[in-house]
Each structure stands twice: as C-alpha cells, then as structure tokens.
S.K.: 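Have a look at this one.
Counting begins at 1 with the first residue of the sequence.
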Amino acid sequence: MAYSRSHFLRLFKNPTRILGFSNVRNFSVTSQHLAPDARVGFIGLGNMGGPMATNLIKKGHSVVAYDINTESMEALEDAGAVIASSPAEVAGKADSIISMLPNSQHVRNCYTGEKGVFEAIQPGTLILDSSTIDPSVSKEMAALASKKGAVFMDSPVSGGVNAAKGATLTFMVGGDEKEFEAAKALLECMGKNIVYCGGVGNGQAAKICNNMLLAITMIGTSETMNLGMRLGLDPKLLASIINTSSGRCWSSELYNPVPGVLENVPSSNNYEGGFGTALMAKDLGLAQDAATKSLTPTPFGSLAHQIYRIMCSTDLAGKDFSSVFRFIKGNEEE
Ligand code: NAD
C-alpha cells in the first residue's frame, strides 16, 4: 500500500497509529493537534459557530466546515474555509473537530447519525463539543469516541455573540486532563478564559449551573426594576443605586433589561440579538433534568424554567432572554 505524504505526516504526528493501538486512552493527542499543518473541522456555523470558526481561520488554522444551512457554509467559504457535505466528510479530513449545535438531539444526530462523525472518525482525533447540552449526552459521546480511539471533551461557552466575534469567550472544559493542553491551544483562538472543570460532562455542569443563576437574576432584576418604576423611580437612577448596593449583579449592571438604561444591550434594541429566550428555556430544562436526576431542590430554577417556557409560547420566544422584563411588566407603555 502506497502512503501519501499527508498520510505519512498524519502517522508521524500521531505515534499511536504507527504502533497500531486501537485504544489511545493512555496517550495524549497534544502533539498531533499542535502540529502546524493540523486541520480543524467545524460543525454548526450559526450565531456562535460562524464567528468562532472565522476566528480559527484568522488565527491561521485550516478549517473544514459543515452546516445543514448552505448560506452559513457559503459565508464561511468566503472567509477561507473548505466546505464539506456531511459531518462524516469533516471527520475524514480533520485532525480535530469542534461542534457548536443547538441541543442534545442535534449533537447525537451529528455524531451518531447517518453520515455522522463517528462513521469516519480517525483514531487520535480530538473532539471539542461547545454546544450547551445534557452532561449525560456528553458522557455518552465520549464513550463512543473512545471506542473509536478518539477523544471527546465538552467545552460549552459563556459570553454571547459579541464575545464569539471578539474571541473573548469563556470555555468550560470537561474531559481527560492529559488532553487539556491540546484543547486549550485551539480554544484560545476563540476565547480568553479556558477553564478545566474536571471529567467529561463537568463543563456542561458548570455551564447549566451558571445559566440557571443568570435566568434567576434576570427575572429578579426585571421584577425589581418594574416595581421601582411603578413606585415612581427613574430606571437609570434605580439601576445606578442597585449597581452600587447589595442588589448588584451582572443582569442589573451589564445587561439591564429595561430599555434605555444601558446602550448596546438587547433591551435597548427591541430585545433583538443576544441570547434567545428559547435557548434559555432549553438550558433551564437541562438544569431541571440534572436537578431531578441528582435529587437536588432548585425551587427558583424550577420557577425560572416555567417562566421562560411560558414566554416561548408568546411573541417573546424569538427575542433576547432579557425580554422577561417586558413579560413581567405587561403591555403598558415603556
Ligand atoms: P444557532 O441556532 O444560531 O446555530 C446552530 C447551527 O447549527 C445552525 O447554523 C444550524 O443550521 C446548525 N445545525 C443544526 N443541526 C445541524 C446538524 N445536524 N449538522 C450541522 N449543523 C447543524 O445557535 P447558536 O446561538 O450558535 O448556539 C449554539 C449553541 O451555543 C447552543 O447550544 C447554545 O445554547 C449555545 N450558546 C449560545 C449563546 C448565544 O448567545 N447565542 C451563548 C452561549 C452558548
């Protein structure tokens, strides 16, 4: 059998292939993924994935990309990526794969479905799934990847579309610690805080805990601001008092839900852009599933989940999650 130069390079980059091991758990894939000619596969080029993949290209990586939406693929092709026709084709061409998909079911389909990643994954491939999904699905994918000699880590993100564009995301990484340096080297092209959280699924655990608290503080900020305004307080004055007092939180200070209190936040742009109500409802559902499985009482998380689910059946479903202020306030003039 004749080997091409690229095949030889791939073998050289990954000694486990030369040695013929089918299970590479005892080897770090770091050297392979730090190789200058390593190719990165990117699957899911939406609001977050599009700018993240673009940043990888800007940092000099060769990217092979796939999305079910052809317009998103064309945009990334213009930015310099090679386009694939399926997740399997990405897997066949890439040394590492990053996925940024909406939910657990999309991730399952993309990895285990027909023409999915696991049909063509190569031993030694590093997989980083940055979607926010059920931690148990991350564990399931990691076990399947391991059977193929690949390494799966969960790496969900905090920070919205602007952080994705500006490469300032926080990544919460779960998986084998030996592989963290390789993961970090790639994730640093898209983020500024790369945090190792422990075993696979722990990145998702950190993410859904953070988002449960975020939803609770956003609802609390919204009802507080609404009460103050109904008592006759100017919203900017009230926000400035809260933000120098013990009620201060990220939702009040940096993402205030009342239109006009802050510039450049979704509330001042008719709640457009940002982090959608439907995605917040999904994350709260993940937190509730995890709370049920671990027998953990989360009364405010549960109530927040119900509030966001009700919002999903209104015209606020497609708006930013800070539109919970509008939901609480009702239809009075703002
Ligand atoms: P999005 O809906 O904008 O993008 C998802 C992309 O995945 C779309 O382009 C869609 O076409 C593609 N896709 C769906 N199924 C696919 C498949 N089988 N194969 C290939 N592509 C497929 O979502 P987003 O806002 O980019 O969010 C992605 C993930 O990041 C979600 O899990 C979300 O919870 C999380 N997240 C989002 C934000 C945010 O502010 N938007 C912030 C933090 C985390």
Side-chain angles (χ1 to χ4, degrees), residues 14 22-25 29 32-33 38-46 48-50 52-53 56 63-69 72-73 76 81-157 171-176 179-180 182-183 186-187 190 197 199-205 207-208 279 282-283 285-286 289-290:
N14 184 1
S22 61
N23 184 328
V24 295
R25 285 179 73 82
V29 293
Q32 178 184 357
H33 300 288
R39 192 179 243 189
V40 185
F42 207 108
I43 304 175
L45 309 169
M48 297 292 287
M52 287 163 70
L56 281 168
V63 170
V64 53
Y66 174 70
D67 193 292
I68 49 174
N69 179 326
S72 307
M73 286 209 284
L76 207 70
V82 170
I83 296 309
S85 62
S86 67
E89 191 186 334
V90 171
K93 289 184 171 165
D95 298 285
S96 50
I97 297 173
I98 299 169
S99 49
M100 193 56 169
L101 297 162
N103 63 36
S104 300
Q105 198 49 48
H106 292 94
V107 170
R108 263 210 191 95
N109 288 346
C110 167
Y111 283 92
T112 66
E114 201 183 331
K115 295 195 179 167
V117 167
F118 290 146
E119 273 188 12
I121 190 94
Q122 306 174 68
T125 302
L126 175 64
I127 302 168
L128 299 168
D129 178 41
S130 290
S131 328
T132 305
I133 62 166
D134 187 332
S136 67
V137 176
S138 302
K139 288 179 189 165
E140 194 185 311
M141 294 303 114
L144 292 171
S146 173
K147 282 188 187 157
K148 302 271 183 185
V151 176
F152 180 102
M153 302 177 95
D154 53 311
S155 56
V157 305
F171 286 88
M172 293 156 258
V173 184
D176 187 342
E179 313 298 352
F180 179 61
L186 268 182
L187 298 175
M190 302 174 285
C197 300
V200 70
N202 275 17
Q204 298 295 353
K207 169 71 185 169
I208 60 181
L279 286 177
K282 174 205 62 159
D283 290 0
L286 293 173
D289 285 349

S.K.: Set out, in order, the CA-CA distance, both residues' side-chain angles and the distance that settles side-chain contact (heavy atoms from CB on, under 4.5 Å) for D129 and S155, then state yes or no.
M.R.: CA-CA 6 Å; D129 178 41; S155 56; 5.7 Å; no
S.K.: Between V151, L126, I127, which is the residue that forms a side-chain contact (heavy atoms from CB on, under 4.5 Å) with S96?
M.R.: L126
S.K.: Short question: side chain of N103, backbone of H106 - any donor-acceptor pair under 3.5 Å?
M.R.: yes
S.K.: Could you pull out the closest heavy-atom pair between D67 and G46, with the gap in Å?
M.R.: OD2-N, 4.0 Å
S.K.: Can you name the closest pair of heavy atoms from V200 and K139 and give their distance?
M.R.: O-CE, 3.4 Å
S.K.: Using modelled atom types only, decide if a donor and an acceptor are shared between the side chain of K282 and the backbone of P102 within a distance under 3.5 Å.
M.R.: yes
S.K.: Are any side-chain N or O atoms of N202 and backbone N or O atoms of C197, one a donor and one an acceptor, separated by less than 3.5 Å?
M.R.: yes
S.K.: Show, in sequence, the C-alpha distance, side-chain angles and deciding distance for S85 and Y66, and conclude whether the side-chain contact (heavy atoms from CB on, under 4.5 Å) test is met.
M.R.: CA-CA 7 Å; S85 62; Y66 174 70; 5.7 Å; no
S.K.: Quick one: pull up CD in Q204 and CD1 in I133 and give me the separation to the nearest 0.5 Å.
M.R.: 5.0 Å
S.K.: Going by heavy atoms in the side chains, are V63 and V82 under 4.5 Å from each other?
M.R.: no
S.K.: Do D289 and I208 come within less than 4.5 Å of each other through their side chains, counting heavy atoms only?
M.R.: no
S.K.: Between E89 (side chain only) and A84 (backbone N and O only), is there a donor and an acceptor less than 3.5 Å apart?
M.R.: no
S.K.: Side chains of D134 and S104: any donor to acceptor distance under 3.5 Å?
M.R.: no
S.K.: Would you call I121 and I97 a side-chain contact if the rule is heavy atoms closer than 4.5 Å?
M.R.: yes
S.K.: So which heavy atom on V107 is nearest to which on M141, and how close?
M.R.: CG1-CG, 4.2 Å
S.K.: Taking it one step at a time, do D283 and K207 satisfy side-chain contact (heavy atoms from CB on, under 4.5 Å)?
M.R.: CA-CA 9 Å; D283 290 0; K207 169 71 185 169; 4.2 Å; yes
S.K.: Is there a donor-acceptor contact under 3.5 Å from the side chain of S131 to the main chain of L101?
M.R.: yes
S.K.: Does S146 reach the main-chain N or O of A142 with its side chain, forming a donor-acceptor pair under 3.5 Å?
M.R.: no
S.K.: Looking only at heavy atoms, which two atoms of V90 and F42 are closest? And how far apart?
M.R.: CG1-N, 4.2 Å
S.K.: Set out, in order, the CA-CA distance, both residues' side-chain angles and the distance that settles side-chain contact (heavy atoms from CB on, under 4.5 Å) for V173 and D154, then state yes or no.
M.R.: CA-CA 6 Å; V173 184; D154 53 311; over 6 Å; no
S.K.: Quick one: does K148's side chain have a donor or acceptor within less than 3.5 Å of a partner on F118's backbone?
M.R.: yes
S.K.: Report yes if some heavy atom in the side chain of V137 is under 4.5 Å from a heavy atom in the side chain of R108; otherwise report no.
M.R.: yes
S.K.: What pair of heavy atoms forms the shortest contact from D176 to M153, and how long is it?
M.R.: O-CE, 3.4 Å
S.K.: Would you name the heavy atoms of L76 and A53 that are closest together and state the gap between them?
M.R.: CD2-CB, 3.6 Å
S.K.: With sequence neighbours excluded, tell me which residues meet ring pair (Phe, Tyr, Trp, His ring centres under 6.0 Å) with F152.
M.R.: Y111
S.K.: So, E119 and K115, do they make that salt bridge, N to O below 4.0 Å?
M.R.: no
